[in-house]
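Following: one structure in structure tokens, then a few remarks.
Here is how names work: the chains are called A, B, and so on, in the same order as the sequence lines, proteins then strands, and each is numbered from 1. It should be emphasised that the depicted structure is a prediction, and the values quoted were computed from it without experimental measurement.
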Amino acid sequence: MMTNHVIAQLFADVADLLEIRGDNIHRVLSYRKAAENIFAHTQEVALLRAAGQLTSIPGIGQTLADKIEEMLDTGKLDFYERLAAEIPVTLLELLQVEGLGPKRVKQVYETLGIKTLDELETAAKAGQLRDLPKMGAKSEEKLLKNIQALRLRGADKRLPLGEVYPIAQQILAALGGMAGVVQTAVAGSTRRWRDTIGDLDLLVALDAETGDAAAVMDAFCALPQAAEVAAHGPTKSRIVLGNGLGVDLRVLPAANWGTLLAYFTGSQAHNIRLREIAQKQGLSLNEYAFTNVATGDKILCATEEEVYATLGLPFIPPVLREDRGEIEAAQAGQLPQLIQQSDIVADLHMHTTWSDGKQTVLEMAEAAVARGLQHICITDHSVSLGIANGLSVERLRQQAAEIRAANEQMAGRIHIWHGTEMEIKADGSLDYPDEVLAELDFVIASLHVSLGQPREQMMARLLKAIENPHVDMIAHPTGRLLPEREGADLDMERVLEAAARTQTILEINANPRRLDLRDIHVRRALELGVKLAINTDAHHVDQFDLLPFGIATAQRGWATAENVVNTWPLEKLREGRP
DNA sequence: GCCGTTTTCGGCCCGACTGTTTTCAGTCG
């Protein structure tokens, strides 16, 4: 199946093979950039091909468009096959070793005939690498250690955002209290609220008089969380935590804060675009300042707003900085009015002690009031999900009575809807009959079991639920669990089309283990006119506070308040119910 | 290999740190 994912991976492998071969670096980067853009593209390229629009994807010219067509038609790429015949593809796994790049891989292959990780490890242990040019005993030892780390943790393992965020706060708190530190911030993909994080980037701004960069660096490298110090310099250091997370710290004077923050928030692709714009104005841009190329004059920016203003752009929120059209939108004055947490008045997916939640209906309602919500929907699991104490029809009707009573008690403070999170069973049937669903205020259908079925079987299950007139919303559509479970193999374009046609709401589940729909599917859903919900799926009152992860995911998909039903007041949602 | 209000050729973002060197290549972000 030639999905975007498969095509992108093939182009990425071609880029690596070309780089090992020593091809022109810009040709290499073209393949790599194309891979990234295809991976992030909201539509399947197979559809674009049918419309003759492959070259509308940034970074895809005629040559790569032809190669994509070849892959779609034949299921393979002749260029890749020929490269693979020339260079062992097992060399690609060597690139996964930290500190081992294309030049060194080429070198050990050509001089020692090393093709695999095992052979590299054996050679390192035998002391065969230290005599190579620009190598020594120290590099050999480091390489050996990094090979073992790779075996232990696997390649480029990314951690869920929800796991990284508290770590960032903890480290910043430790550094923020030091003398001469005027500002700290998390940057990188964490600040852009990506769903998973490779490395954590942290920044510290120093007072020009009292700041002591060396002291901050020493403190950072001496943190108890640091399992290893990978680099320790005057402005930049890197530690590795026990869980394998790399943490980079940059320290600069406060006068450079704007350019520093912009630079390390990225994304890299967004930064390159900013630099190109600067160049056209006769400026160069780095993390320290703008420099007038002609005169050498510096323009310092203490805030990011000044950075964008210097480029003639409005401020672009970090969540949009992926080079996915935000620069063009900013230039045209058409950045979206992104949804904010303050727009949210409802949460439509949560559990109570009736199934696998930890609190009662009233406790959930009180916690929702405390967070400013105007209405909530109780959606406990349905009967077939025995492990979660799913409700029989009889218990569901008992729960209806309890919610009626709770509404009387909470009158004027919050409204409580009665709903369900109903299983879409493995055989494709729904867990409650239509006449029971008709008794409820709001019906969620969900996939939890048999997520590994073949695509057509999964699609049949999901489409049947979407087509059911009683089903209002599909929760966490793919069922993925970060970082380990991929989620069901779905044809998202068909899912989104069906949801748009039937006006079935699709959920952005705010739990950082899910963030499902993910950002690019949110974007495509909006293009197709699908209504979205952002829900916490809270099983405990504390989990209401996971909402910011869902908001950020919606923002990354360019969602505005109107796109999200949780911003709708009670009456509008009642009327808007399909 | 892509791309263009310096447009079909000749560019292509910029800097820190390490380990090996005696001025820099390789890697990374």
Side-chain angles (χ1 to χ4, degrees), chain A residues 11 14-15 18-20 22-37 54-68 79 94-108 129-143 146 156 187-190 197-203 213 217 221 229-240 246-252 256 259-260 262-291 293 311 323 331:
Chain A
F11 277 165
V14 167
L18 287 174
E19 196 172 17
I20 291 170
D23 267 51
N24 180 297
I25 187 63
H26 299 295
R27 188 187 190 203
V28 171
L29 292 174
S30 293
Y31 275 95
R32 201 162 282 154
K33 179 83 186 163
E36 284 168 16
N37 288 344
L54 284 176
T55 54
S56 70
I57 303 173
I60 303 295
Q62 198 51 55
T63 307
L64 292 183
D66 290 346
K67 286 183 164 57
I68 293 171
F79 183 48
L94 300 190
L95 285 179
Q96 302 300 324
V97 180
E98 173 103 18
L100 192 60
K103 299 271 171 55
R104 204 76 83 191
V105 167
K106 182 183 166 79
Q107 183 188 47
V108 298
L129 302 179
R130 64 184 63 181
D131 299 327
L132 295 171
K134 303 291 283 184
M135 290 280 288
K138 207 164 177 180
S139 349
E140 190 178 65
E141 187 187 338
K142 202 166 176 178
L143 207 54
N146 288 336
D156 54 33
S189 47
T190 309
I197 306 300
D199 292 290
L200 178 57
D201 290 298
L202 302 177
L203 305 177
M217 284 305 177
C221 292
V229 177
H232 188 165
T235 68
K236 175 183 169 178
S237 293
R238 177 182 174 86
I239 59 174
V240 181
V247 185
D248 289 311
L249 175 68
R250 287 293 298 256
V251 178
L252 285 185
N256 306 96
T259 44
L260 180 69
Y263 185 91
F264 282 100
T265 297
S267 64
Q268 197 178 18
H270 179 89
N271 284 352
I272 289 173
R273 295 293 307 279
L274 295 189
R275 290 216 186 98
E276 287 170 355
I277 295 171
Q279 274 190 328
K280 290 192 177 117
Q281 297 174 211
L283 300 171
S284 77
L285 171 61
N286 61 23
E287 62 264 53
Y288 298 98
F290 287 96
T291 306
V293 178
L311 296 168
D323 191 24
Q331 285 170 330

Point to revise | Within-4.5 Å side-chain heavy-atom neighbours: A:Val240 and A:Glu98 | key: no
Review point. So among A:Ile277, A:Thr291, A:Asn271, A:Thr259, which one has a side chain to side chain contact (heavy atoms under 4.5 Å, CB included) with A:Leu285?
Key: A:Thr259
Practice item. Using a 4.0 Å heavy-atom cut-off across all strands, classify A:Lys142 as base, sugar-phosphate, or nothing. Key: sugar-phosphate
Check your understanding: C1' atom, B:dT7 versus B:dC2: distance in rounded Å?
Key -> 13 Å
Check your understanding: Rounded to the Å, how far apart are A:Leu260 CG and B:dG29 P?
Key -> 17 Å
**Study point:** A:Leu64 side chain reached by A:Tyr31 side chain, heavy atoms, under 4.5 Å
**Key:** yes
Give me the distances for all protein-to-nucleotides 23-27 of chain B N/O pairs that come in under 3.5 Å?
| residue | atom | partner | partner atom | Å |
| --- | --- | --- | --- | --- |
| B:dT27 | OP1 | A:Gly101 | N | 2.7 |
| B:dT27 | OP1 | A:Gly101 | O | 3.1 |
| B:dT27 | OP1 | A:Arg104 | N | 3.1 |
| B:dT27 | OP2 | A:Lys103 | N | 3.2 |
| B:dT27 | O5' | A:Gly101 | N | 3.4 |

Check your understanding: Between A:Tyr288 and B:dA16, does any side-chain N or O lie under 4.0 Å from OP1 or OP2?
Key -> yes
Check your understanding: Between B:dC17, B:dG29, B:dG19, which nucleotide has the shortest distance from any of its atoms to the side chain of A:Ser139?
Key -> B:dG19
Review point. side-chain contact (heavy atoms from CB on, under 4.5 Å) with A:Thr63: which residues, sequence neighbours excluded?
Key: A:Lys67
**Study point:** Atom-pair distance (CG on A:Asp323; P on B:dC3), nearest Å
**Key:** 11 Å
Practice item. Identify, between A:Ile272 and A:Leu95, the residue whose nearest nucleotide on DNA chain B lies closer to the 5' end. Key: A:Ile272
**Study point:** Separation of B:dC3 P from A:Leu29 CG (nearest whole Å)
**Key:** 14 Å
Check your understanding: Is there a side-chain polar atom (N or O) of A:Arg238 under 4.0 Å from OP1 or OP2 of B:dG29?
Key -> yes
Exercise for review: Could you tell me whether A:Ile25 contacts a base, only the sugar-phosphate backbone, or nothing, with contacts defined as non-hydrogen atoms closer than 4.0 Å?
Suggested key: nothing
Exercise for review: Scan A:Ala65 against the nucleic acid and name what it touches under 4.0 Å (heavy atoms): base, sugar-phosphate only, or nothing.
Suggested key: nothing
**Study point:** Separation of atom CZ in A:Arg32 from atom P in B:dG29, rounded to whole Å
**Key:** 12 Å
Point to revise | Distance, rounded to the nearest Å, where A:Ile277 contributes CD1 and B:dG4 contributes P | key: 13 Å
Check your understanding: Can a side chain N or O of A:Thr55 be found less than 4.0 Å away from OP1 or OP2 on B:dC2?
Key -> no
Point to revise | Residue whose nearest DNA chain B nucleotide is more 5′ - A:Lys236 or A:Phe264 | key: A:Lys236
Exercise for review: Could you tell me whether A:Asp199 contacts a base, only the sugar-phosphate backbone, or nothing, with contacts defined as non-hydrogen atoms closer than 4.0 Å?
Suggested key: sugar-phosphate
Check your understanding: Does A:Asn24 have any side-chain contact (heavy atoms from CB on, under 4.5 Å) partners at least two apart in sequence or in another chain, and if so, which?
Key -> A:His26, A:Arg27
Review point. If you check every side-chain atom of A:His232, which of B:dG1, B:dT18, B:dA16 has the closest atom?
Key: B:dT18
Check your understanding: C1' atom, B:dA25 versus B:dT20: distance in rounded Å?
Key -> 9 Å
Give the table of side-chain donor-acceptor pairs shorter than 3.5 Å for residues 131-139 of chain A, with sequence neighbours excluded, one pair per line with atom names and distance.
| residue | atom | partner | partner atom | Å |
| --- | --- | --- | --- | --- |
| A:Ser139 | OG | A:Gly136 | N | 3.2 |

Practice item. Output the single nucleotide from B:dC2, B:dC12, B:dT20 whose closest atom is nearest the side chain of A:Lys138. Key: B:dT20
Check your understanding: Considering only the C1' atoms, how many Å lie between B:dC9 and B:dG15, rounded to the nearest integer?
Key -> 29 Å
Check your understanding: Should B:dC24 form a Watson-Crick or G-U wobble pair with both distances under 3.5 Å, which nucleotide is its partner?
Key -> B:dG19
Point to revise | Nearest-angstrom distance, P atom, B:dG11 to B:dA16 | key: 26 Å
Point to revise | Whole-angstrom distance between B:dC3 and B:dT8, as gauged at atom C1' | key: 10 Å
Point to revise | Contacts of type side-chain hydrogen bond (donor to acceptor under 3.5 Å, both in side chains), residue A:Glu287, not counting sequence neighbours | key: A:Arg250
Review point. Can you check the A:Gln268 CD to B:dC12 P distance for me, whole Å?
Key: 16 Å
Practice item. Could you measure between the two P atoms, the one in B:dC12 and the one in B:dT18, and give it in whole Å? Key: 29 Å
Check your understanding: Distance check: side-chain N/O of A:Ser30 vs OP1/OP2 of B:dC12, anything under 4.0 Å?
Key -> no
Revision key, fill the gap. Sorted by chain and residue number, the side-chain contact (heavy atoms from CB on, under 4.5 Å) partners of A:Asp248 (sequence neighbours excluded) come out as A:Asp199, A:Asp201, A:Arg238
Point to revise | Interatomic distance, A:Leu249 atom CG to A:His232 atom NE2 [nearest 0.5 angstrom] | key: 10.0 Å
Practice item. Mind calculating the distance between CD (A:Gln331) and C1' (B:dT5) to the nearest angstrom? Key: 13 Å
Check your understanding: Rounding to a whole Å, what distance do you find between A:His26:NE2 and B:dC14:C1'?
Key -> 13 Å
Review point. A:Ser237 near the nucleic acid: base, sugar-phosphate alone, or nothing, with a heavy-atom cut-off under 4.0 Å?
Key: nothing
Check your understanding: Among B:dC12, B:dA16, B:dT18, which nucleotide sits nearest the side chain of A:Asn24?
Key -> B:dC12
